[in-house]
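Structure first, commentary second.
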Amino acid sequence: MTVFLAIILLALAAWLIPFYYNRWRLNYRRAKPLSDKQLQLLGETLPLYHSLNPQQQGELRGNIALFLHDKTFVGCEGLQVDERMKVAIAAHACLLLLGRKNACYPSLYSLLLYPDTYVAQETKREGYIETAGHSVRAGEAHYRGPVVLSWGDLEENLQHPQKGHNVALHEFAHKVDEEDGRFDGRPLFERASEGANWAGVMNREFARLRRRAQFGNLADEAPSVLDLYGAQSPAEFFAVATETFFTIPVAMRQLHPQLYEELSQFYRLDPATLMSGKPSAV
């Protein structure tokens, strides 16, 4: 009996020690303050930060500190990665995590940054036929793997947010989407009661965007601010909707009110109201 009990205790210790160590490590890294320079860069590259309430700002800073410590940034094609690039990417990645329990993208270890759009190998399968080729990209997110970004494209997005594009938000929306084990356009909800209307709203909006991609702007349908790239798949639709939600939220709320409401509930933010100068209620 004593030997059996010892085995049970050892098994429990083998499970509990890593669990509590990881919890301690996450809290310890999040408690590390950002430097004055990093705080300045945060405010410059993520203007929405200034509209968050103090609790949200603190949470965001903590996740950014963890992100910067845990992730490796690799410059490609001669790009020298500087602190501005790191903070800008970390800020947008962590913005998607506000208000939700998270381990700050635990399956992401490295980010590859190109100076501009880059050429990637692409394989397509149709039935038994497989074709390989090359495609020009601004970013990509690999399942349980790295995120690849064009810094030139992200810099352009930051300078002109009114265009509704942000490659960092787009690719990290894919990483949020993969949390349930699939790229399917339905992220992982914390509680079963959440997301009750998600499928209905997303399916209707996705179908609407696909009609617009196929037939153009129809006379009997309201205009849209969603990029047609989102018509490729539910996963791409979620990513496009996410970047639109954060970059041009007022227009999205006006033209896609139900979609905006679903994203607002999931991301625990109302950026349209925040950008109007009103205090956050979250």
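Only heavy atoms go into these numbers, but all of them, side chains included; no hydrogens, no water, no symmetry mates.
When the side chains of ILVMFWY residues are joined at heavy-atom separations under 4.5 Å, either directly or via intervening members, Leu98 and Met275 end up in a single hydrophobic cluster. Leu112 and Leu149 fall into different hydrophobic clusters, where Ile, Leu, Val, Met, Phe, Trp and Tyr residues are linked whenever their side-chain heavy atoms come under 4.5 Å apart, directly or through other members. Note on Val167: it clusters hydrophobically with Leu228, by side-chain heavy-atom contacts below 4.5 Å among ILVMFWY residues. Cluster membership for Ile248 and Leu154, using ILVMFWY side-chain heavy atoms within less than 4.5 angstrom, is shared. There is a path of hydrophobic side-chain contacts, each under 4.5 Å, that joins Val176 to Val201.
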Inset, instruction - Starting from the C-alpha separation in whole Å, work towards a yes-or-no answer on side chain to side chain contact (heavy atoms under 4.5 Å, CB included) for Asn157 and Glu243. - result: CA-CA 10 Å; Asn157 300 154; Glu243 59 179 321; 5.9 Å; no
Inset, instruction - Test Gln162 against His160 for side chain to side chain contact (heavy atoms under 4.5 Å, CB included), laying out the working first. - result: CA-CA 5 Å; Gln162 72 279 5; His160 304 283; 3.6 Å; yes
Inset, instruction - With side chain to side chain contact (heavy atoms under 4.5 Å, CB included) as the test, would you mind laying out the steps for His165 and Thr244 before giving the verdict? - result: CA-CA 7 Å; His165 299 294; Thr244 307; over 6 Å; no
Inset, instruction - Report the C-alpha distance between Gln38 and Glu83 in whole Å, list the side-chain angles of each, state the deciding distance to 0.1 Å, and finish with yes or no for side chain to side chain contact (heavy atoms under 4.5 Å, CB included). - result: CA-CA 8 Å; Gln38 289 171 329; Glu83 198 66 13; 2.7 Å; yes
Inset, instruction - I would like to know whether Phe237 and Tyr229 meet ring pair (Phe, Tyr, Trp, His ring centres under 6.0 Å); could you show each step before the answer? - result: CA-CA 8 Å; Phe237 178 79; Tyr229 188 74; over 10 Å; no
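A donor-acceptor pair is defined here as one N or O able to donate and one able to accept, closer than 3.5 Å; such a pair exists between the side chain of Asp177 and the backbone of Asp184. At least one donor-acceptor pair closer than 3.5 Å links the side chain of Glu59 to the backbone N or O of Gly99. For Arg212 (side chain) and Leu226 (main-chain N/O), a donor-acceptor pair under 3.5 Å exists by modelled atom type. Judged by distance alone, with hydrogens and angles left aside, the side-chain atoms of Glu190 form a donor-acceptor pair with the main-chain N or O of Lys101 at under 3.5 Å. Checking side-chain atoms of Gln57 against main-chain N and O of Tyr49 turns up a donor-acceptor pair under 3.5 Å. Checked by atom type and distance alone, the side chain of Arg268 pairs as donor or acceptor with a backbone atom of Phe266 at under 3.5 Å. Looking at Tyr267, its side chain never comes within 3.5 Å of a backbone N or O of Glu262 through a donor-acceptor pair. Ser264 places a side-chain N or O within 3.5 Å of a backbone atom of Leu269 that can act as its donor or acceptor partner.
Nearest heavy atom pair, residue Ala231 against residue Leu209, reads N-CD2, 3.5 Å. Across all their heavy atoms, Leu68 and Ala90 have their closest contact at CD2-CB, 3.9 Å. Among all heavy-atom pairs drawn from Leu158 and Ala88, the shortest one is CD1-CB, 4.3 Å. In terms of heavy-atom proximity, Leu108 sits nearest to Pro146 at CD1-CA, 3.8 Å. When all heavy atoms are compared, the tightest approach of Asp153 to Ala138 is CG-CB, 3.7 Å. When all heavy atoms of Met252 and Phe245 are compared, the closest pair comes out as SD-CA, 3.4 Å.
Rounding to the nearest 0.5 angstrom, the gap separating the CD atom in Glu178 from the OH atom in Tyr105 is 9.5 Å. Annotation: the span from Lys175 atom NZ to Leu96 atom CG amounts to 12.5 Å, rounded to 0.5 Å. With rounding to the nearest 0.5 Å, the separation of OG in Ser224 from NE2 in His256 is 3.0 Å. The distance from atom OG of Ser150 to atom CG of Asp116, rounded to the nearest 0.5 Å, is 4.5 Å. In this structure, CG on Leu60 lies 6.5 Å from CG on Leu52, to the nearest 0.5 angstrom. Put simply, CG on Leu169 and NE2 on His174 are 11.5 Å apart, with the number rounded to the nearest 0.5 Å.
A side-chain donor from one of Tyr260 and Asp270 sits under 3.5 Å from a side-chain acceptor of the other. Remark: the Glu236 side chain and the His170 side chain contain an N/O donor-acceptor pair separated by less than 3.5 Å.
Atom CD of Glu77 has more than 12 heavy atoms from other residues, nucleotides or ligands within 6.0 Å. Within 6.0 Å of atom CD in Gln258, 12 or fewer heavy atoms from other residues, nucleotides or ligands are found, so the atom counts as exposed in its surroundings. Open room surrounds CZ on Arg210; 12 or fewer heavy atoms of other groups in view lie less than 6.0 Å from it.
A salt bridge between Asp180 and Arg182 is present, with a side-chain N of the basic residue lying under 4.0 Å from a carboxylate O of the acidic one. Using a cutoff of 4.0 Å between basic side-chain nitrogens and carboxylate oxygens, Arg253 and Glu261 are not scored as salt-bridged. In summary, Glu155 and Arg84 engage in a salt bridge, as defined by a charged side-chain N under 4.0 Å from a carboxylate O.
Relative ring orientation between Tyr118 and Tyr114 is described as parallel, the plane-to-plane angle staying below 30° on a 0-90° scale split at 30° and 60°.
Using a 4.5 Å heavy-atom cutoff, the side chains of Arg61 and Leu42 are in contact. Between Phe73 and Ile89 there is a side-chain heavy-atom pair separated by less than 4.5 Å. Looking at Met85 and Leu79, their side chains come closer than 4.5 Å, going by heavy atoms from C-beta outward. By the 4.5 Å heavy-atom criterion applied to side chains, Leu46 and Leu95 are counted as neighbours. Side-chain contact between Phe172 and His92 is absent, with no heavy-atom pair separated by less than 4.5 Å. For the pair Glu179/Arg100, a side-chain contact is recorded, criterion being any heavy-atom separation below 4.5 Å from C-beta on.
Separation of the Phe183 and Phe238 ring centroids does not fall under the 6.0 Å cut-off.
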